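First the structure, in the form of structure tokens, and then the observations on it.
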Number of protein chains: 2
Amino acid sequence: MEIGRPYSRLLLRLERLNALSLDDKQRLIDLPLKIANYSADAEVVSHGDSSSRCTLVLGGFLYSHKSIATSRRQITSFFVPGDVADLSSFYLSKVEHGISALGPTVVAFVPHSSLTEVLDRSPGLARAFWRETLMQAAISQEWIVNLGRRDAIARIAHILCELTARLQMVGLARDLAFSVPWTQMDVADASGISQVHANRVIQELRQLGLVEWDSKHVRIKDWDSLVRLASFDSDYLQSSVEADL
Amino acid sequence: MEIGRPYSRLLLRLERLNALSLDDKQRLIDLPLKIANYSADAEVVSHGDSSSRCTLVLGGFLYSHKSIATSRRQITSFFVPGDVADLSSFYLSKVEHGISALGPTVVAFVPHSSLTEVLDRSPGLARAFWRETLMQAAISQEWIVNLGRRDAIARIAHILCELTARLQMVGLARDLAFSVPWTQMDVADASGISQVHANRVIQELRQLGLVEWDSKHVRIKDWDSLVRLASFDSDYLQSSVEADL
DNA sequence: CGCCGTGTTGATCTCACTCAAGTGCGGTGG
DNA sequence: CCACCGCACTTGAGTGAGATCAACACGGCG
């Protein structure tokens, strides 16, 4: 699970948008980190914590979530290998949502102090991380549209499209197939629908011949139709590499 | 409309979280800017634009929005005086949503080049702006929960609570009353519901004695009940100052 | 073996949508 | 000064997507 080169996937993504100098890369790679393992549904960061470290996903998945009084939790984002799940902890005093492991997950903790030091020294890295924050914000915007204006089947289709695209960026969705240790309940909580309805929608996606999906393993059979159903436009993931600032 | 001291409200907010040095404040105030006026529904930044400037709201309101094929637009955020509406344009090549004026609005454009120069020179300001990005991201997370897990009346109540709190931070919601030049259609598009239903929900809020609301002017009559109805928890706005409310 | 978590199915209910019509007000032009 | 227009708001009726409740099936695990 990439323990040998923990920063490789993060680098892959940071560099997609802007080249980093060799020095900057080295500074990043030299950051001290502490590896930790979590099992399914373990809480990595609790709502209200004031953390002194950032959490980099090495293997597996994290998700952030928040719940309100009477209803089920809402999952507000997924984090895939190479993502930093709590960049917000770096400058905001409290984390305003819980972060948990979707399944068995390997993470690396980086102390804020080391990060501050490196970022103060390197404007290039500071920019890269800020840009990372902006990209996560763009994903949130897209989720707002997803929850506000798509019906259930399009919502789930959109989540699949996004996850596929994000996993492809870090080399984890070859042939449009990938493994996620989620349950239909997790999918429901990310889509803002009930578990029962998620089940019916997933069956429909299967019957339409769009995906093979046995809970943990997803294989997209008809990418174009899925994209059309979801009105998925990958631009917000900044995946096209024509950007040159 | 604060033309004389265009940065005062932004400063007010930036300083709420972390003091800025006198030098930094001066650097901010000295940034060159170009004032512009927009009328209701005018588009300030178009989807797909690659902008070379940031947009600071001086008076009035902006909102960002995105629409997908078959449905109405979804409003993804509101921007009040003192907010920078397109911080993302600073580091992402394209803006992934439209930004428009809610009603007559005064904005100031700041060239990216000047901003880059200032931020490279001042780590304190760079931090402050990054933190600003993080706060906007926290608001987006909250909107995700709002759209995913609240029913119509709680959604609208939550939007009212958030707007009240944010306007109070910049001194624009004294006595829990404020003016927003929105229509019920705008409220519907922010809540992910239909205009007809928004109308019925707003009537219900009035009948419950929670608000006086004649479209452009909102006065909260029963803050505590509104907060309870919305499950509003202002922590995510980093507004440690609840005594204000 | 029995339990629990996950997935599946059916029946019923309800919140919110759509369609359609009507009201009221502010602005504009005759 | 009034008639008209257009936009925002309001109301009613019928419909529908998705929620809730309640079983049941299946497989892994203690």
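Letters A, B, ... mirror the listed sequences (proteins, then strands); counts begin at 1. None of the values given here were measured: they were computed from a predicted structure.
In this structure, of dA13(D), dT9(C), dC9(D), it is dT9(C) that holds the atom nearest to the side chain of Gln203(A). In this structure, the nucleotide among dA20(C), dT6(C), dT20(D) sitting nearest to the side chain of Val196(B) is dA20(C). Listed candidates were dA16(C), dT8(C), dA19(D). Nearest to the side chain of His197(B) is dA16(C).
With sequence neighbours excluded, no residue satisfies ring-ring contact (aromatic ring centres under 6.0 Å, His included) with His97(A).
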> Taking it one step at a time, do Arg72(A) and Gln195(A) satisfy side chain to side chain contact (heavy atoms under 4.5 Å, CB included)?
Replying inline: CA-CA 10 Å; Arg72(A) 289 198 50 77; Gln195(A) 182 264 344; over 6 Å; no
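Where Lys216(A) and Arg200(A) meet DNA chain C, the nucleotide closest to each residue was compared, and Lys216(A) sits on the side nearer the 5' end.
Residues from residues 145-158 of chain A placing a heavy atom under 4.0 Å of any atom in DNA chain D, listed by number, are Asp151(A), Ala152(A). Within residues 183-194 of chain A, the residues approaching DNA chain D are Gly192(A), Ile193(A), Ser194(A), by heavy-atom distance under 4.0 Å.
Taking the charged nitrogens against the carboxylate oxygens, Arg16(A) and Glu132(A) have no contact shorter than 4.0 Å, which rules out a salt bridge. Contact check on Asp189(B) versus Arg149(A) returns a salt bridge, with a Lys/Arg side-chain nitrogen under 4.0 Å from an Asp/Glu carboxylate oxygen.
Look at Asn199(A) and you won't find any side-chain N or O under 4.0 angstrom from OP1 or OP2 of dG7(C). For dT6(C), neither phosphate oxygen OP1 nor OP2 lies less than 4.0 angstrom from any side-chain nitrogen or oxygen of Ser215(A).
At a threshold of 4.5 Å between non-hydrogen side-chain atoms, the residues Val45(B) and Leu62(B) do not count as touching.
Few gaps surround CG on Asp214(A); more than 12 heavy atoms of other groups in view lie less than 6.0 Å from it.
Rounded to an integer number of Å, the gap from CG of Asp41(B) to P of dA8(D) is 8 Å. Between the CD atom of Glu204(A) and the P atom of dA17(D) there is a distance of 10 Å, rounded to whole Å. Taking atom CD of residue Gln195(A) and atom C1' of nucleotide dC21(D), one finds them 13 Å apart after rounding to whole Å.
Taking the six-membered ring where tryptophan is involved, the planes of Tyr236(A) and His158(A) are essentially parallel, since the angle between them stays under 30° and well short of 60°. By the 30° and 60° cut-offs, the orientation of the rings of Trp213(A) relative to Trp182(A) is parallel.
A donor and an acceptor atom, one from each side chain of Gln203(A) and Asn199(A), are located under 3.5 Å apart.
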